[in-house]
Protein chains: 2
Amino acid sequence: MVEAPRNTRQRRAVVAILEDLDGFASAQEIHDILKRRGESVGLSTVYRSLQVLADAAEVDALRNDDGEVLYRQCSAGHHHHLVCRSCGRTVEIEGPSVERWADKIADENGFRDVAHTLEIFGTCSSCA
Amino acid sequence: MVEAPRNTRQRRAVVAILEDLDGFASAQEIHDILKRRGESVGLSTVYRSLQVLADAAEVDALRNDDGEVLYRQCSAGHHHHLVCRSCGRTVEIEGPSVERWADKIADENGFRDVAHTLEIFGTCSSCA
DNA sequence: TTCGTCATGACAACGATTGTCAAATCAACG
DNA sequence: CGTTGATTTGACAATCGTTGTCATGACGAA
């Protein structure tokens with residue numbers, strides 16, 4: 001029996017930010033936005049909330065080139081991302097043939113418990 | 001005019017390790033291996049050597065789930081990797097159709113300066 | 001060999017993230 | 001509603017990979 005997480009002001013605030021944003025953002029960026037809005041939430045709490053959300057698959061997480069983890073509220077189901085390096089704006093993409101290809105490659109080489117990461121980075125038209 | 005890097009004992013030692021390994025390894029792992037072999041090289045120097053090699057595209061670098069950067073001496077040209085999560089053993093893979101697909105998606109959405117990351121992780125047969 | 005420069009290494013500093021723990025807050029229950 | 005007890009919070013310290021610093025040492029051209 002898993003405990004339901006409590007419905008706290010802080011967690012609601014983090015979720016609200018994620019709902020407003022349309023792109024990926026780091027924990028620290030989200031923390032800053034909250035501070036700017038006056039709805040201050042401790043940095044540790046932002047990190048913890050995002051972890052909980054990511055574990056529950058309610059948000060997607062990926063690492064940028066600098067090794068920072070970025071979070072985004074995404075639609076359910078497996079998909080990949082086309083992400084603007086500059087503003088974080090994101091387009092969800094699907095690639096069924098890529099999935100099949102990756103699984104086939106792994107299988108041919110005797111690999112088990114296969115997962116793959118696939119992200120496309122670029123500069124979006126607004127940022128160009 | 002680019003300065004040619006000096007041919008130092010330390011850089012030779014790092015390259016030698018990379019030549020011996022067939023999989024990805026972190027800077028700290030390489031540092032440990034060097035220490036074990038008695039050919040001690042400062043940790044900073046290991047990091048710097050790997051950076052230089054990565055900038056020169058003589059080694060490939062990728063991040064594992066923990067955010068550590070792993071390095072590997074790879075063949076030239078664009079390719080992806082099937083990496084064992086446990087031992088680092090790596091199979092280089094190519095996916096021309098994936099490349100085209102990624103570029104098309106990015107173009108359709110007006111993204112410029114497009115790059116993509118694609119790695120497949122799994123457990124290899126020896127580690128299963 | 002000489003000499004200017006680049007590389008090295010011990011160490012400090014950094015930045016993102018995680019751990020700690022007392023105090024505050026939730027929500028169920030009476 | 002007030003009590004209650006477990007969960008959550010937040011300020012802060014700690015961690016971990018990595019990068020910066022700078023005096024010392026090693027390369028290699030002349």
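Here is the naming used below: chain letters follow the sequence lines, and residue numbers restart at 1 for every chain.
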Separation of D:dC16 atom P from B:D65 atom CG, nearest Å, is 18 Å
Among C:dT17, D:dT18, D:dT9, the one nearest any side-chain atom of A:T8 is D:dT9
Note to self: With a 4.0 Å cutoff (strictly under), does any side-chain N or O of A:R9 reach OP1 or OP2 of D:dG10?
What the structure shows: yes
Atom NZ of A:K35 and atom P of D:dG10 are separated, to the nearest Å, by 12 Å
Whole-Å distance, B:L43 CG to C:dA12 P, equals 14 Å
Here the distance between atom P of D:dT15 and atom CG of B:D66, to the nearest Å, is 18 Å
Out of C:dT18, D:dT18, C:dA16, minimum distance to the side chain of B:Q28 belongs to D:dT18
Comparing nearest nucleotides in DNA chain C, the 5'-proximal residue of the pair A:L70, B:G42 is B:G42
Separation of D:dG17 atom C1' from B:D32 atom CG, nearest Å, is 13 Å
Looking only at D:dG17, C:dT18, D:dA26, the nucleotide nearest the B:Y47 side chain is D:dG17
Q.
If the cut-off is 4.0 Å, is B:R63 near the phosphate of C:dA16, judged by side-chain N/O to OP1 or OP2?
A. no
Would you say B:D55 has more than 12 foreign heavy atoms packed within less than 6.0 Å of its CG? yes
Rounding to 0.5 Å, atoms CZ (B:R112) and OG1 (A:T123) come to a distance of 10.0 Å
Original post:
With a 4.0 Å cut-off, would you call B:R72 and B:E92 a salt bridge?
Top reply: yes
Does D:dT8 have OP1 or OP2 sitting under 4.0 Å from an N or O in the side chain of A:Q10?
no
To the nearest angstrom, the CD-P distance between A:E68 and D:dC16 comes to 20 Å
Quick note, B:T45 side chain, CB onward, closest among D:dT9, D:dT18, C:dG9 is C:dG9
* Answer yes or no: is there a side-chain heavy-atom contact under 4.5 Å between B:D107 and B:V114? => no
Taking D:dG10, C:dG9, D:dT18 as options, the one with an atom nearest any side-chain atom of A:V41 is D:dG10
Inset, instruction - Tell whether B:R48 reaches the base of C:dG9 with its side chain through a donor-acceptor pair below 3.5 angstrom. - result: yes
Next item on the list: For residues B:I93 and A:E108, determine if any side-chain heavy atom of one lies less than 4.5 Å from a side-chain heavy atom of the other.
Entry: no
**Prompt:** Counting just side-chain N and O atoms, does A:R11 come under 4.0 Å of either OP1 or OP2 of D:dT9?
**Reply:** yes
Atom CZ of A:R12 and atom P of D:dT9 are separated, to the nearest Å, by 10 Å
Whole-Å distance, B:N64 CG to D:dT18 C1', equals 14 Å
Query raised in the report: Got a donor-acceptor pair under 3.5 Å from the side chain of A:S44 to the base of D:dA11?
Result: yes
Looking only at C:dG9, D:dT9, C:dA27, the nucleotide nearest the A:N7 side chain is C:dA27
Checking D:dT9, D:dT18, D:dT19 against the side chain of B:V69 (C-beta onward), the nearest is D:dT18
Please determine whether any donor N or O and acceptor N or O are separated by less than 3.5 Å between the side chain of A:R6 and the base of D:dT8.
no
Q.
Below 30° counts as parallel, above 60° as perpendicular, anything between as tilted: where do the rings of A:H80 and A:H116 land?
A. tilted
